[in-house]
Structure formats: structure tokens, C-alpha cells
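Here's the structure we're looking at; comments come further down.
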Amino acid sequence: MDAYTEVGRAMDIDLLGWTRRPRRGGWVRFATTESWDEWPYDVLAALTRRSACALVAAGVRPGDVVALGLAGGPRFVAMFFGALLAGATPAPLPPPAAFARADSYDAHVDRLLGWSTPTLVVHDADFVRTGELAAARGVDAAPLDELLATVPDADREPGRAVPAVAVVQFTSGTTGPARGVRVGVGALTANLGAIARWLRMTPTDPTASWLPVHHDMGLIGCLLLPVTVGGDLWSLPTVEFLRRPMRYLECFGRHGARLTAMPAFGLDYVTRRVRPESLAGLDFSAWRSVIVGAERIPPATLHRFVELLGPFGLRPTAVRPAYGLAEATLAVTGVASGEPWRVVSSPTEGAVVGCGKPLSGVSVSVLDGDGCSVAPGQLGEIVVGGAGVGADPVHTGDAGFLHDGELFVVGRLGDGVKVHGRFVFAADVETAIAAADAIPPGRVAVLAGSRAGRPTVVVLLERPQPDWWRLAAEALAGRFVGADLLAVTATAGGIARTTSGKPRRRVMWEAFLDGRLGPAQQLSPSPCPSAATTASRSSTR
């Protein structure tokens, strides 16, 4: 049996094995402002055991939920695994910085605390407000430094069994209020093992990531997986990636990282911010996997990324579209190692990127509105089952189709409308507008649905430049004959987004129907300035 198969056998993942047998020579490196804070695995394991003892001393009992209001870094890792060592279930919370308005954060976190009912909230200086919200609910809150100070020299573990629920991870809230998903130990280890086999991952494969650790892709795929496998990890805060994307690329081109994951907008951000001349001297030939997931993936985004980094050694097959969701722990499908991604041109849905075939132990079907399987190539709802899901299949609410056994994801059910027999998805329209290149993807959002019996598409541009409306109108010209095509201008932060950056389309659509989104007018090359100005005073958050 070769190394990657042995490491990745689905049920052989030991969540806490690294805390007892830390890999010698292994490191987790956390980005600081100018350097890296380097933590050997044995030192990180000692802090994890100390964190577990501190939680027990604070009264945490087996089966309790411990909410973590902590930024990424060594103390987050130690407290997450420390909760498991203490027999408790960790529940990572989003940071206040992920929200444009304080009241939005308060409502969001209050809802998560109510859903997860933690016994204790552990927080650092960046999450002081989180502690206050917990206290208002009658939940104990402990500053991390004070908690650790209670057991300054502990280097043992409490000897408790791993809890049945390994983590509470919260959905992003794309289609409604965020909620928690209780991921069992079996589901988590099965999915981690399936991902390890898919990636052919061994402890000698370093990972680098800028993803936030309170979401499934960043937490499961880019933190728990490399740590439990024992691979080196380069971890950057999201804000550091946004500020200096070159520093992230240097992890691969200079330091030897081989694995990563990100939404498609991360690839797009790199291609917009990094110039080819900045890459001189970097070598990406060892970069094996760039997992691309989240919403529908624009083919042009993949091509631009390869065109930028290809001359410096990145192989096109290193870019690997995938599909997953928190309700399935994380990964569902992915393009196999060494295989090129595929684009299928559907007569009704346009060009759609394939997200690969189901991972080991995962089943995928596409059903119609009556719950019956549809023919290959026919659009329906994606339904997922398997060891990483649990007992009951998950109806994802995502639309897609199967072709030659591969899953093609089109968009969210409920985020689209039929126009002359063709289903138009909001994400499709955003992709068409972003293809104009002059409009950053983060400054546009599209809503689609039926209003007063009429198919309606609403384009929101955030603080648009003078020519953006013209470019948007030209990109969509002739595409939606028979639908009302409307324009709304939003202020900075006026496009409601989840903490992972996805547009909250359902929330904004409801605001549009209620008249709270602001005045709208027909999309044309030059919308009326007075209407745009009036609409800009509205906020959807």
C-alpha cells in the first residue's frame, strides 16, 4: 500500500493523534506583519493539552459546546483541539470584522449562540463584543489569556473521550439566517480521509491558506486536514492575503507549499492584483492542487489564473474545481489528480465548469421537483449522501446536472427565474458582467426571481464608476428578452454578504420586493443619475 492511500483511508484519520505523537520536524507557521510565527508540532501539542486542562478547570464537562471567538493562529488551533481533548465540542464564531455594521454582527452572533447553546465562550481581544453578547444571554465568557493563566504549567491531558459531535460549524447564511451543522466524529474523519485520498496527501505535502477558520473550507480543508495528517502549514489571515497576495503566492513559489483551496473569487483577486513581472524568480512547478469551490465557477477565471502563473511553472491540471458544503462536512466532489477540468456547453445553461466526480464514500444524485432522478444532462436539485453526511441525504438547494458521472453546478435554486423556457441564475448574470473586466466581482450582485408574475433580473452595482452601467448593459444586451432588467445603485457595504463573502441574494430579493432595496430603473447604458443617487442611500444590511 502506498503512502497516500495509507494516510487517507477514510476511517484511519485520528483527530487527536497528533497531540500525543506530534510529527518530528513538522511546523505550523502563522503569518505576522513581516515574518512568520513558527510552531513545531510538539510545542503546539503542549499548548493544546494546556488548553484542554484550562477548559476542564473552568467547569467544561463532556458533551458541552465551547464557542470560540478567536482569530486564527496557534491559540485558535490549541483551543479547538483542546476542547476535543476535554471531551467538548468546539464551535468557531465569525469575527466582528466580517460584518460591515455592528448591529448586523450582534444579531448574527446572538442567533448562533442561541442555536448552539454553548456552556462557555472563549474569546480574545478582537472578540470582546462576542463576550459581551454571550454575557447578555447568560452564557459564561472567558478571555483567553485569563483562562490559560489558570493552568500555566499544565502538560497533560484530561483523559476524556472525544465527544460524539466533533464540531459545530455554521452555514454562511447565503439563502437565509445562518444555522449550525453538528458534525459527528465519524462524518468528520470520513470526510478528512476522503479528501486526503483525493489529494494523494502525505505528511510531506505542505499546505498554505488564507481562508478564515470559522468556515468549512478554511476550517476542515485547510486547517484540520493538514494538522491531523501532520503536514506543514502556512497560515495567513484573510486580510493579509487581501493586502499582499504576493506573500501568499510566495508560500508556493518560494517556500514549497503544494496544496491549497479557495473560492473562485480568490483566483480572480490574484489575477487582478498580481502582475507577471512580480512573479520573477518564483517556481510553481511543485504546486499540486488549487482546489476551487463555493459558487458556480466562471471558466474565464480558471483560464486567467493559469495564464498568469503557468509561465512560472503552474500546471493547468493543478487547478481542481470541486463542490462541497457544510452539511456534508466539506467535500462532495472534485476533479481527480492530474486530470484537466472540463467545461460543458449546455444549450440552456451556457458554459458550466465540471466539479469532478464524488469522493470515496460520497453519493450524489440530481432530482426533479417530485424527488425522482433526472436523466444525465438534465437540470435538477443536487442531493448528497454518504459517510460525511450522516444518516439522511442532504437536499442542498443547489441546481446542477450530471454528465459522464461528473457533477456540474449551475446555481442556487431560488436564485433564478425562467425566461422563455431557459432558467436564468443570478450567478450566471454576475459572471457575464464581471467578464467585462472593468467591474470587480466584489462590486456587483445580481438578483433574479418573479415579481408580479414577471421574470425579473436586478443588477446592483456598489459605488459604480461612470462607465460601469454601460458595460453591464452591454454585457447583458439581448440575453434576457422577456424579463424586466433593472438597475439599483448601492453604497459601500450596501451589497449584503455572508461572512464568507457570498451575496445574500434571498435577503436582498426580499428587500427589493418590499421596496427596501431602493429605487430601481430599467438597466440601460446610462441610468438616470437622480435615480442612482436616490438608490445609493439605501442599505440592504
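In what follows, residues are counted from 1 in the order of the sequence shown.
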Yes or no on side chain to side chain contact (heavy atoms under 4.5 Å, CB included) for F80 and L219, after CA distance, side-chain angles and deciding distance? CA-CA 10 Å; F80 183 95; L219 176 66; 4.0 Å; yes
With side chain to side chain contact (heavy atoms under 4.5 Å, CB included) as the test, would you mind laying out the steps for T130 and L93 before giving the verdict? CA-CA 9 Å; T130 309; L93 296 171; 3.6 Å; yes
Report the C-alpha separation of F252 and F284 in whole Å, then their side-chain angles, then the decisive distance to 0.1 Å, and conclude whether the ring-ring contact (aromatic ring centres under 6.0 Å, His included) test is met. CA-CA 6 Å; F252 303 91; F284 298 117; 7.4 Å; no
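Note that CG of L249 and CH2 of W287 are 5.5 Å apart. Values are rounded to the nearest 0.5 Å. Distance check: C355 SG to R320 CZ gives 13.0 Å after rounding to the nearest 0.5 Å. Taking CG from L188 and CD1 from I220, the interatomic distance works out to 5.0 Å, rounded to the nearest 0.5 Å.
Remark: D124 engages no residue in a side chain to side chain donor-acceptor pair (under 3.5 Å) (not counting sequence neighbours). In this structure, T301 has no side chain to side chain donor-acceptor pair (under 3.5 Å) partners at least two apart in sequence or on a different chain. Residues forming a side chain to side chain donor-acceptor pair (under 3.5 Å) with D37 (at least two apart in sequence, or on another chain): W39.
Aromatic ring orientation, F408 versus F401: parallel (interplanar angle below 30°, classes split at 30° and 60°). Aromatic ring orientation, W36 versus H255: perpendicular (interplanar angle above 60°, classes split at 30° and 60°).
You'll find the side chain of Y323 reaches within 4.5 Å of the side chain of D398, heavy atoms only.
Within the cation-pi definition used here (under 6.0 Å to the ring centroid, within 45° of the axis), R247 does not qualify as a partner of W234.
Between P298 and V353 the shortest heavy-atom distance is C-CG2, 4.3 Å. Between V374 and L379, the closest heavy-atom pair is CG1-O, 4.3 Å.
For R505 and E430, the salt-bridge test passes: some basic side-chain N is under 4.0 Å from an acidic carboxylate O. Electrostatic pairing of D232 and R23 counts as a salt bridge here, judged by a charged N lying under 4.0 Å from a carboxylate O.
At a cut-off of 3.5 Å, with distance as the only test, a side-chain donor of R197 or S360 sits close to an acceptor on the other residue.
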